[in-house]
Protein chains: 2
Amino acid sequence: MASEIMLRGVGRRTGIALWRQIADAIRAGISSGLGDETGKLPSETELAEQFGVNRHTVRSAISALVNEGILRAEQGRGTFVISPSRLTYPITRRTRFSASLAEQGQRGVSRLISHDIIEAHRDVATSLDLEEGVPVLQINSVGTSDDTPVSRTTAWFDHARFPDLLSHLKTTNSVTKAFAASGLDDYVRQSTLIEAYHATLDDIEIMGLSPGSIVLVTHAVNADLDGRPVEYSKTRFSADRVNLQIELGSNAAED
Amino acid sequence: MASEIMLRGVGRRTGIALWRQIADAIRAGISSGLGDETGKLPSETELAEQFGVNRHTVRSAISALVNEGILRAEQGRGTFVISPSRLTYPITRRTRFSASLAEQGQRGVSRLISHDIIEAHRDVATSLDLEEGVPVLQINSVGTSDDTPVSRTTAWFDHARFPDLLSHLKTTNSVTKAFAASGLDDYVRQSTLIEAYHATLDDIEIMGLSPGSIVLVTHAVNADLDGRPVEYSKTRFSADRVNLQIELGSNAAED
DNA sequence: CTTATTTGTCTAGTTATATAGACAACTGTA
DNA sequence: TACAGTTGTCTATATAACTAGACAAATAAG
């Protein structure tokens, strides 16, 4: 007998189709042990009973997850989980993208997809402790783990202070190394704000998410050892693919 | 002229009704400046054009938000935002619920709604550094800010170590004070894991959320000054009502 | 009072979701 | 081979969601 998981809780007339609620529930349930040791899901008939819906509705949900690459359906045999695990992304004083994933045996890559020199807008100027309108380097990148996109980041840097940062970024493909090449050997995470939203169409397209899925948004400020901000970034993580792990420092003495 | 905000991006055939996508977009847009200085939204006709849908579809979205208590529609005048702001909940080494909200001028109340002595399950035992099956106190509470529920927490404590904690909790209505009465003067946040999910039916009922909205889930371990875990808690925050603010300590020296 | 603008209500028709039932196609096992 | 259990496909019907258009009712301004 396949696994029996507590899968109740679909609502009607909510503006969210039953098949999508079920798809979301199955996707979330996978990480918490849905599917037996071979990764086999309960049969469509069983799932339909558990959720209290028609078998066809369950089939719509499964079809969507097959399209996402999460499930594989085999006629006569059953439906199986393809990618069981979720990534844990640590946020510490020394958060660095590639290094964090390497520790989990993941091949993490941050790929630069676009960049521009723009005038600092309100948020950016405030976070970087600059005047509004001064030139800042803005970069967009996509974070990938084992060939699956897990995040996308927009980051801003003081162009006056780091005029050659972009070329260093292009050659090293790493913020840490680009900073080092610009004469900044070390930096630490100063603050992190976390929000959660539904995926936008851009998220869906760039990270290959399914509509209605969730993104965790972090607003982060990194500063040099004197406390001067050097990077402001907004990262959108696929909540289906990553958790955020907060490691608080050993001595918190903020007022 | 009312505010013009970048509100594009509704998809079709996604399993999420257009009116719900629009409701979510408006709800999210409010905090980032949707609505002019008087809180007036663009007219239904304008919104329909911006989203590329029929006016009736926008009306469904607005109707849902009026039901949530976020908007107020006045015939002949327009539609107005009621509660514009979002709460920021800080996570530090010394995170305490009521104190955190008090700093923002919010009247924060954590209300105990149920409790039980149970046998420690896997997660709980691991997090509290106990054997599986030993008795633990489990409490459920709802966090409220200015009469709006913003979070709900399930927390576990070692019953052998803190046998009188429950009675202290009932009299003081504060974990910090209950610990103090049990002889534990100070404790700090050891680790925090953050996930995001769609609201369950329980979330919707207990916190008065709308279906399809998002909850931020934190798994937190608090420890005494010797590093022994004293509390394990899972808190579900309404992502529409709170942000999480991470304050990393001044010296992070974990390996 | 008149007019433009806004939200509120109604009817009608189309498309997307969901249910119901039947049966085919495939797999593993007795 | 026969059979039980599974996914795949088909038809039919009912309900929710969306579009379209028209007009009423309230508000504010000329």
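Every chain is numbered from 1, with letters handed out A, B, ... down the list of sequences. Basis for what follows: all heavy atoms, side chains included, without hydrogens, waters or symmetry-related copies.
Computed from coordinates, the B/Arg59 CZ to C/dT7 P distance equals 8 Å when rounded to whole Å. Put simply, CG on A/Leu71 is 16 Å from P on D/dT6, counting in whole angstrom units. Atom CZ of A/Arg72 and atom P of D/dG8 are 12 Å apart (whole Å). In this structure, CD of A/Gln75 is placed 18 Å from P of C/dC23, rounded to the nearest angstrom. Here D/dC18 presents its P atom at 14 Å from CD1 of B/Ile62, a figure rounded to the nearest Å. Per the geometry, NZ belonging to B/Lys40 stands 11 Å off P belonging to C/dT5, to the nearest Å. What separates CG of A/Leu41 from C1' of D/dG5 is a distance of 16 Å, to the nearest Å. Atom CD in A/Glu44 sits roughly 16 Å away from atom C1' in C/dA20 (whole-Å rounding).
Across A/Leu128 and A/Tyr232, no two heavy atoms sit closer than the pair CD2-N, 3.6 Å. Between B/Asp203 and B/Leu209, the shortest heavy-atom contact is O-CG, 3.9 Å. Nearest heavy atom pair, residue B/Val215 against residue B/His198, reads CG2-O, 4.1 Å. Between A/Thr14 and B/Trp19, the closest heavy-atom pair is O-CH2, 3.5 Å. A/Thr57 and A/Val53 get closest at one heavy-atom pair: CB-CG2, 4.0 Å.
Listed pair A/Arg77 / C/dC26 fails the phosphate criterion, with no side-chain N or O lying under 4.0 Å from OP1 or OP2.
By the 4.5 Å heavy-atom criterion applied to side chains, A/Arg152 and A/Asp202 are counted as neighbours.
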Distances for protein N or O near nucleotides 19-23 of chain D N or O, under 3.5 Å:
| from | atom 1 | to | atom 2 | distance (Å) |
| --- | --- | --- | --- | --- |
| D/dT19 | OP1 | B/Arg12 | NH1 | 3.1 |
| D/dT19 | OP1 | B/Arg12 | NH2 | 3.0 |
| D/dT19 | OP2 | B/Asn54 | N | 3.1 |
| D/dT19 | OP2 | B/Thr57 | OG1 | 2.3 |
| D/dA20 | N6 | B/His56 | NE2 | 3.2 |
| D/dG21 | O6 | B/His56 | NE2 | 2.4 |

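If you check every strand for non-hydrogen atoms under 4.0 Å, B/Thr79 touches sugar and phosphate atoms only.
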Full working for side chain to side chain contact (heavy atoms under 4.5 Å, CB included) between A/His219 and A/Glu195: CA-CA 8 Å; A/His219 303 241; A/Glu195 306 170 319; 3.0 Å; yes
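Of the candidates C/dT17, D/dC18, D/dT6, the closest approach to any side-chain atom of A/Ser43 belongs to D/dT6. For A/Trp19, the side-chain atoms get nearest to C/dT17 when compared with the rest of C/dA25, C/dG8, C/dT17. Distances from the side chain of A/Ala17 to the nucleotides C/dT17, D/dG8, C/dG8 place C/dT17 closest.
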